[in-house]
Amino acid sequence: MRRRCPSPSWAVGLAALALWAMLGTAGAETLLRTRLNADIRSTDPGTNRDANTDAVVAHVVEGLVAFRDDTSIGPMLADSWTVSNEGKTYTFRLRQGVKFHNGATMTSDDVVWSLKRWLDPTTQWRCLSEFSATGIARIEKIEAPDPQTVAITLDQPTALFLPTLARPDCGQTAIIHRDSVGPDGKWIAPIGTGPFKLGEWKRGQYMDLVRFDGYVSRSEPRTGYTGAKDVKVDRVRFNVIPDSSAAKAGLLSGSLDVIMSLSIPDLEELKSRPEVQLSITPALGLTGILFQTRDPLLKDVRIRRAIALSIDTAQIVDAVMQGTARPNNSALPIGSPFYGEVQSHGYAQNIAEARKLLLEAGYRGQPIKMITNKRYSFVFDSSVLVQAMAQAVGINIELEVMDWAAQLDRYNRGDYQSMAFVYSARLDPSLSFEMLTGPKATQPRKVWDNPEAQEMLRQSMITDDTAKRQALFDEMHKRFIADVPMIVLFNGAELTALRKSIKGYAGWLYPEPRFWGVTVE
Amino acid sequence: MLSYLARRLAMTIPTLLLVAIAVFALVRLIPGDPVQVMLGDAADPAQAAQLRAQLGLDQPIPVQFMHWIAKLAAGDFGRSITNDLAVLPLILERFQVSAVIVLVAVAAAACIAVPAGLVAAWKQNSLLDLSIVGGATLLLSIPSFWLGLLLLLLFGLKLKWLPVIGYVPFAENYWQAATFIVLPIATLTMVEIGVLTRMARAASIEVLRLEYVTHARAKGVPEWRVLARHVLPNAFAPTWTLIGLVLGHLLGGIAVIETVFTLPGLGRLLVDSIFARDYPVVQGCLLFTAVIYVVVNLIVDLCYPLFDPRVTVA
């Protein structure tokens with residue numbers, strides 16, 4: 001009897017099928033799809049930029065130091081540093097074996113070249129003014145005593161040197177390879193050291209980032225823009241989708257995996273969807289009501305205080321942010337390591353006291369114009385609630401809605417009675433006060449014109465003694481609350497929606513995403 | 001015909017110059033500037049002044065205008081402030097996307113609306129007429145963004161027949177490109193059907209009342225022939241003018257549809273540029289749209305005698 005054997009052709013076919021399946025699996029690319037509400041401006045870090053540009057570029061380039069999750073400064077391309085010569089010279093020891101995207105190994109020569117490029121006025125680096133005569137300190141010398149060491153000498157000590165180097169809007173003072181620019185000095189594309197390389201950029205449509213296989217990761221756990229950057233996807237696509245409804249539809253249909261910067265109504269709607277998970281993180285931005293203290297009516301602190309006492313901050317935050325943010329009357333964000341017991345004391349609603357102050361000030365219902373905008377729904381909603389609460393004590397606030405650019409114009413000129421405004425994140429407490437404090441004669445955008453506060457702010461920028469800085473911030477907070485140049489309401493939250501298949505995503509205090517450590521299942 | 005064309009073209013020059021002046025002045029009158037948008041709430045005055053000087057925005061407005069006009073005369077629309085791209089290629093690239101959608105949508109709307117209007121007029125005051133007029137009024141009343149979102153939810157999200165976001169040019173993948181533009185075209189078509197049907201109906205009613213129609217019917221010409229040979233050509237002429245207007249209007253106002261369906265078209269470029277106060281792009285887009293208006297109107301006028309021989313161009 002003959003035994004039946006599988007025919008050779010059948011076996012070959014089976015083997016081919018198995019091979020095809022294996023190759024198919026091996027070749028399958030993992031793609032993470034996310035959304036930008038507008039296209040990025042350029043790929044040149046910290047120059048022609050906006051928040052979207054910073055968010056994308058932060059995946060491609062790195063600086064000597066970077067912010068950690070708690071906004072403290074951690075090492076990134078530098079392994080360590082020492083400060084000498086009365087706080088003026090910073091000597092950085094570079095990490096060994098760090099590769100640029102073109103395969104070259106990073107040395108101190110690259111660091112010196114990059115820093116000099118940023119400091120060249122023709123580069124138009126956003127943070128150049130910080131290192132000018134009117135900025136935090138002037139850089140006097142950049143030296144490279146050996147291939148792993150860089151020494152930077154400043155003209156005066158400052159606590160803000162490292163935080164400024166790490167600022168995302170400064171492009172993290174990226175260390176890039178000199179081939180990022182052409183022989184004529186013109187920008188080509190970033191050859192950075194980040195965990196992703198630039199991929200295809202179709203303007204107005206999408207920007208692709210591709211995993212950099214030569215990336216040498218730090219060993220500490222992921223924290224802020226430093227720590228381990230273990231990329232677990234092959235490609236990240238940032239789709240340009242201006243309309244939030246379209247983005248939401250994209251997420252629900254499975255065309256998108258992650259959408260950031262959700263509005264509160266979107267969040268409410270997505271909460272009930274089984275295929276979606278949410279990431280809610282406290283943010284560092286600051287929403288509040290600014291007063292023009294030079295206005296004939298509002299220069300009277302009693303009227304400003306009456307408005308502050310007429311409102312219930314907690315109720316406003318609850319209504320506007322639906323439980324995703326906490327009330328905060330301090331200029332320091334709740335997430336700051338310098339936010340303490342002192343900062344938790346703000347304005348408590350006191351209708352009787354508010355009425356008494358108005359009577360004393362001789363207020364007779366004169367209208368107070370408050371500029372607001374609908375670009376940020378939480379800003380508009382806050383202004384409506386402040387208007388309603390102030391009305392209850394007889395304060396007549398009239399809202400004037402503007403588009404963001406028009407409001408910015410009025411803000412920068414100080415041309416307003418009051419306005420509901422949102423400040424972007426500041427990662428150092430001195431910078432939080434700096435955005436509010438200054439002489440209005442030369443800087444009309446500043447809301448708090450108090451020479452003593454300005455001196456305290458200056459001190460906080462020079463000293464790096466934590467206790468001394470804390471004491472200065474505490475005192476500034478008390479005076480800020482007493483002067484009422486503005487009413488800080490809350491810091492907001494970064495709201496992100498993800499498909500359930502996305503694992504490992506984590507928001508942090510800075511409201512921009514990080515796509516290292518994230519997997520698509 | 002040629003002298004008419006030459007006269008019409010010559011007339012467009014002052015028109016476009018006036019548009020250029022108006023566009024330039026209006027854009028500069030809006031508060032806020034690109035520098036403020038770029039630097040946001042952290043605009044250091046020195047840095048802002050430096051950026052303004054670099055962009056030439058520190059020059060007096062008449063100087064800026066003359067500079068722009070001189071460049072325009074050489075065919076240079078300038079460079080985008082936000083991303084440093086040449087404006088004209090940017091506009092032309094985006095225009096291709098908008099043009100395909102608008103042309104197909106208007107053609108489809110005309111193909112549906114003209115017969116529908118004719119039938120409604122023919123069966124005036126009947127249930128059919130009422131349904132057509134009712135349907136047209138309904139479509140006319142629906143905001144295009146809302147209709148777009150509904151279609152997106154139904155065909156993209158519920159039925160999953162079509163992609164929800166994205167865009168692929170026809171040159172890359174014909175089939176995929178079609179799937180991305182089906183819904184925007186359907187939305188625009190539905191919105192424009194309303195306007196065109198009502199116009200076609202009104203024009204057809206006028207023609208149906210004319211003596212030659214009664215005469216044709218009296219001669220025993222079949223009803224379909226009366227409609228096709230006598231009513232349709234005469235009723236189409238006024239509708240054709242409206243189609244021209246709709247075409248121009250849509251090219252200028254397609255921003256909403258492009259935003260809803262995330263299409264990188266001219267309308268979205270214009271809106272994004274206005275929010276960013278990207279003056280060269282805003283000016284370029286508006287001037288380009290004005291040129292399109294002029295060209296479309298010229299084509300409509302030149303084609304008019306084809307539909308109504310009583311009109312001659314000389």
Side-chain angles (χ1 to χ4, degrees), chain A residues 33 35 38-42 48-51 121 124 126-130 132 134-135 169 202-206 239-243 245-256 375 402-413 415 421-424 426 431 434-435 442-445, chain B residues 30-48 50-51 54 80-85 90 93-94 97 145-146 148-149 152-153 156-160 162-169 255-256 258-265 268-269 271-272 274-278:
Chain A
R33 299 150 307 169
R35 172 226 184 187
D39 204 352
I40 65 169
R41 286 182 190 272
S42 76
N48 184 8
R49 57 155 293 281
D50 58 8
Q124 291 156 19
R126 174 186 175 82
C127 298
L128 177 62
S129 59
E130 301 292 353
S132 69
T134 54
D169 60 322
K202 282 214 167 179
R203 289 195 191 250
Q205 293 182 56
Y206 60 82
N239 293 283
V240 182
I241 305 168
D243 185 58
S245 305
K248 217 166 45 185
L251 182 80
L252 295 176
S253 71
S255 310
L256 288 176
R375 172 172 159 149
M402 289 189 173
D403 93 308
W404 181 238
Q407 184 174 1
L408 270 177
D409 179 51
R410 299 283 290 270
Y411 163 76
N412 280 322
R413 288 192 283 122
D415 179 15
F421 196 71
V422 57
Y423 286 96
S424 51
R426 301 295 196 276
L431 297 176
E434 192 275 337
M435 71 188 178
T442 51
Q443 299 179 57
R445 71 193 162 113
Chain B
I30 314 172
D33 68 19
V35 171
Q36 284 175 344
V37 180
M38 274 182 196
L39 300 178
D41 61 282
D44 174 62
Q47 198 183 7
Q50 188 200 350
L51 195 53
Q54 178 213 327
S80 159
I81 287 173
T82 51
N83 52 30
D84 200 37
L85 292 175
L90 187 64
E93 186 191 321
R94 299 297 191 95
V97 179
F145 76 91
W146 190 69
L149 280 176
L152 195 75
L153 289 178
L157 219 56
K158 290 275 174 214
L159 302 173
K160 296 192 191 293
L162 292 163
V164 172
I165 51 160
Y167 173 76
V168 171
V256 173
E258 288 174 352
T259 302
V260 169
F261 293 102
T262 61
L263 296 172
R268 218 180 88 194
L269 177 68
V271 172
D272 291 347
I274 290 172
F275 282 128
R277 302 289 193 271
D278 193 339

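As the structure is a computational prediction, the values presented were derived from the model and not from experiment. Every chain is numbered from 1 and lettered A, B, ... according to where its sequence line falls, protein lines coming before strand lines.
Residue B:Leu269 does not touch chain A at all, counting heavy-atom pairs closer than 4.5 Å. Only the side chain of A:Phe421 comes within contact range of chain B, with at least one heavy atom under 4.5 Å from a heavy atom of that chain. Interface remark: A:Tyr411 contributes side-chain atoms only to the contact with chain B (heavy atom separation under 4.5 Å). Contacts between A:Arg375 and chain B at a heavy-atom distance below 4.5 Å are absent for every atom of the residue. Both the backbone and the side chain of A:Arg41 come within contact range of chain B, each with at least one heavy atom under 4.5 Å from a heavy atom of that chain. Of the two parts of A:Ser255, the backbone and the side chain both hold a non-hydrogen atom closer than 4.5 Å to a non-hydrogen atom of chain B. Contact of A:Ala38 with chain B is not made at all, since no heavy-atom distance falls under 4.5 Å. The contact between A:Arg49 and chain B is made by backbone and side chain atoms together, counting heavy-atom distances below 4.5 Å. Using a 4.5 Å cut-off between heavy atoms, A:Arg126 contacts chain B through both its backbone and its side chain. Neither the backbone nor the side chain of B:Phe145 comes within less than 4.5 Å of any heavy atom of chain A.
Between the OG1 atom of B:Thr82 and the CG atom of A:Asn48 there is a distance of 7.0 Å, given to the nearest 0.5 Å. Note that CD of B:Gln36 is 6.5 Å distant from CG of A:Leu408, once rounded to the nearest 0.5 Å.
Using a 4.5 Å heavy-atom threshold, the side chains of A:Lys248 and B:Leu157 count as separate.
Ranked by heavy-atom pairs under 4.5 Å with chain A, the first of B:Leu85, B:Asp272, B:Leu90 is B:Leu85. Ranked by non-hydrogen atom pairs under 4.5 Å with chain B, the options A:Gly250, A:Pro242, A:Gly254 are led by A:Pro242. Among A:Glu434, A:Arg426, A:Arg35, A:Arg413, the residue with the largest count of heavy-atom pairs under 4.5 Å with chain B is A:Arg426. Between chain A and the options B:Asp41, B:Leu152, B:Ile165, heavy-atom pairs under 4.5 Å are most frequent for B:Asp41. Ranked by non-hydrogen atom pairs under 4.5 Å with chain A, the options B:Leu149, B:Thr262, B:Asp33 are led by B:Thr262. If you tally non-hydrogen atom pairs under 4.5 Å between each of A:Val240, A:Asp169, A:Asn239 and chain B, the highest count goes to A:Val240. The residue among A:Ile241, A:Thr442, A:Leu256 with the most heavy atom pairs within less than 4.5 Å of chain B is A:Ile241. When A:Asp50, A:Leu431, A:Leu252 are compared by the number of non-hydrogen pairs under 4.5 Å with chain B, A:Leu252 comes out ahead.
Residues B:Gly156 and A:Ser253 approach most closely at O-CB, 4.2 Å, considering heavy atoms. Here the closest non-hydrogen pair linking A:Asp243 and B:Thr259 is CB-O, 3.4 Å. The two residues B:Pro264 and A:Gly204 make their nearest non-hydrogen contact at CB-O, 4.2 Å. Considering every non-hydrogen atom in both A:Ala405 and B:Val37, the closest pair reads CB-CG2, 3.5 Å.
With a 6.0 Å radius and a threshold of 12 heavy atoms from other residues, nucleotides or ligands, A:Lys202 has its NZ atom above the threshold.
Between A:Asp39 and B:Arg268, no side-chain nitrogen of the basic residue sits less than 4.0 Å from a carboxylate oxygen of the acidic one, so the salt-bridge criterion is not met. For the pair A:Asp403 and B:Arg277, the salt-bridge criterion is met [side-chain N within less than 4.0 Å of a carboxylate O].
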